[in-house]
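If you read the sequence from its start, that first residue is 1, and numbering goes on from there.
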Amino acid sequence: RLLGVPIAHKDLFCTAGLRTTCGSRMLGDFVPPYDATVVERLAAAGCVNLGKTNMDEFAMGSSNETSWFGPVRNPWDTARVPGGSSGGSAAAVAARLAPAATATDTGGSIRQPASLCGLTGLKATYGRVSRWGMIAFASSLDQAGPIARSAEDCALLLREMAGLDPRDSTSIDAPVPDYVALLDRPLQGLRVGIPREYFDPGLSPGTAAAVQAGLAELERQGARLVDISLPHSGLSVPAYYVIAPAECSANLSRYDGVRYGYRCKDPADLQDLNERSRSEGFGDEVKRRILVGTYALSAGYYDAYYRKAQQVRRLIAEDFLGRKTILSFKMTANYIPEDVDEVPIFERYFLGGREVRGFRLRGVSPRGVFDANGSAPGGLSPSDDPAGGTWAFFLGTQIEQPVFQDIISVVGFVDSGTVTNEVGLDDYRVSIGAGVRLYLPQLGPAPLAFDFAVPIQDEETDKRRVFSFSLDIPF
């Protein structure tokens with residue numbers, strides 16, 4: 001679909017038989033025996049590789065001045081920088097040397113040079129484009145994308161670059177949309193969030209005016225601008241400068257002068273070989289980040305720096321997901337059949353090693369009440385459809401810890417409420433439990449969630465499993 005389209009590749013995508021240097025002396029003579037998935041897919045679509053573009057060394061920089069091969073100039077004004085680390089790709093497209101180029105973004109390295117060179121750059125969602133064959137800087141942040149002169153050109157490229165790659169364990173198994181067709185979709189009714197934290201006093205007046213002009217155009221075409229808050233945005237840079245150097249330290253440890261890459265001359269011994277090869281092969285910026293990352297990962301500092309930065313990263317992600325705090329209200333509706341014997345109200349709990357007195361809500365589901373082996377007290381089987389009954393509504397809180405891509409979480413909860421029994425009396429019940437929660441984000445910002453929960457009870461009693469559908473309402 002892109003037959004004959006010339007393209008340039010950022011010099012960290014492996015290209016079979018063609019030198020791939022990452023802008024570093026360390027890989028100055030490295031010739032890969034294979035193509036990166038991005039290169040492979042674009043070639044299969046018909047693209048013609050014009051060559052490789054300069055970049056900040058190992059993608060570490062934002063001005064494209066750290067390359068071993070020299071700086072890149074902004075073609076609009078050679079006294080200015082083109083941005084980085086994909087400055088070579090941006091400069092090549094802006095100078096009309098190529099209609100488009102591949103790039104990578106770890107902390108802005110597609111978007112920033114595209115902006116500084118007057119182009120369109122797109123950082124795809126992490127996992128949308130394969131990282132296989134893309135030389136790593138910070139593995140949990142690196143992502144490939146296109147730089148071109150228009151959104152349409154970027155859409156044409158991303159359509160070919162994206163998709164599942166079994167060779168990349170972080171690749172997303174999801175259908176690839178027709179990005180080009182989506183460009184014609186009207187903006188009427190589209191809600192565009194405007195984070196107020198992005199318009200702080202440090203924003204230059206010229207940039208603010210350009211952004212406001214773009215927002216006004218979106219509004220003119222029917223989009224609705226919504227004022228939002230991303231309260232942890234100010235922590236992004238500090239978190240980045242712990243996480244990225246830490247992962248850089250781990251990824252670049254492979255360049256030791258033994259397996260491949262630059263090797264110093266006449267080493268006295270193995271220690272001298274490692275030290276001099278790395279000292280001579282890496283530039284100053286790379287060395288600084290390795291030192292910072294190694295320190296952050298060292299014994300005694302891992303919890304204080306790296307783990308804390310990952311926790312901050314989760315808070316930033318939750319700002320975007322709309323879950324502003326781990327503590328949230330939970331409203332649950334359960335059906336209580338009339339022909340089921342009452343479960344004893346007063347129970348003992350053991351929570352965190354302390355004995356706590358309280359009330360327990362019997363295990364309920366829309367189909368009835370079940371004990372540990374799946375049978376129901378009072379003779380109701382799981383397959384029976386009870387006739388009549390009452391609804392019980394419970395309000396409580398939960399503490400949640402995401403464990404997989406903000407889709408699966410472990411939760412602990414406390415529910416309380418009243419149940420109207422068959423003689424018209426209200427019983428006050430409290431349920432304490434823990435379980436697994438599955439989010440279905442495609443259903444909206446307040447996702448429908450399915451809980452599988454096990455109430456905490458006295459060790460001498462049988463556990464009852466609670467199945468319930470819940471609506472989690474973030475605040």
Checklist entry - Are Asp303 and Arg307 close enough, and set up right, to give a salt bridge (charged side-chain N to carboxylate O under 4.0 Å, His left out), and what steps lead you there? => result CA-CA 5 Å; Asp303 288 334; Arg307 186 184 298 278; 2.6 Å; yes
Checklist entry - So Ile7 and His9, side-chain contact (heavy atoms from CB on, under 4.5 Å) or not? Walk me through it. => result CA-CA 7 Å; Ile7 191 171; His9 289 295; 4.1 Å; yes
Checklist entry - What do the steps show when you test Ser150 against Glu152 for side-chain hydrogen bond (donor to acceptor under 3.5 Å, both in side chains), and what is the final call? => result CA-CA 5 Å; Ser150 69; Glu152 183 176 10; 5.2 Å; no
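With a 6.0 Å radius and a threshold of 12 heavy atoms from other residues, nucleotides or ligands, Tyr260 has its OH atom above the threshold. Within 6.0 Å of CG in Asp272 there are more than 12 heavy atoms belonging to other residues, nucleotides or ligands. Around atom CZ of Arg196, more than 12 heavy atoms belonging to other residues, nucleotides or ligands sit under 6.0 Å away. Around the NZ atom of Lys287, the shell of radius 6.0 Å holds more than 12 heavy atoms that belong to other residues, nucleotides or ligands.
Ring planes of Phe282 and Tyr255: perpendicular class, angle over 60° (limits at 30 and 60°).
Aromatic pair Tyr262/Trp68: ring centres not closer than 6.0 Å.
A heavy-atom distance below 4.5 Å is found between the side chains of Ile243 and Ser140.
Remark: the Thr37 side chain and the Arg131 side chain contain no N/O donor-acceptor pair separated by less than 3.5 Å. Counting only N and O atoms by type, the side chains of Asp11 and Thr21 include a donor and acceptor under 3.5 Å apart. Between Lys10 and Ser85, the side chains place a donor N or O and an acceptor N or O closer than 3.5 Å (distance only, hydrogens not considered).
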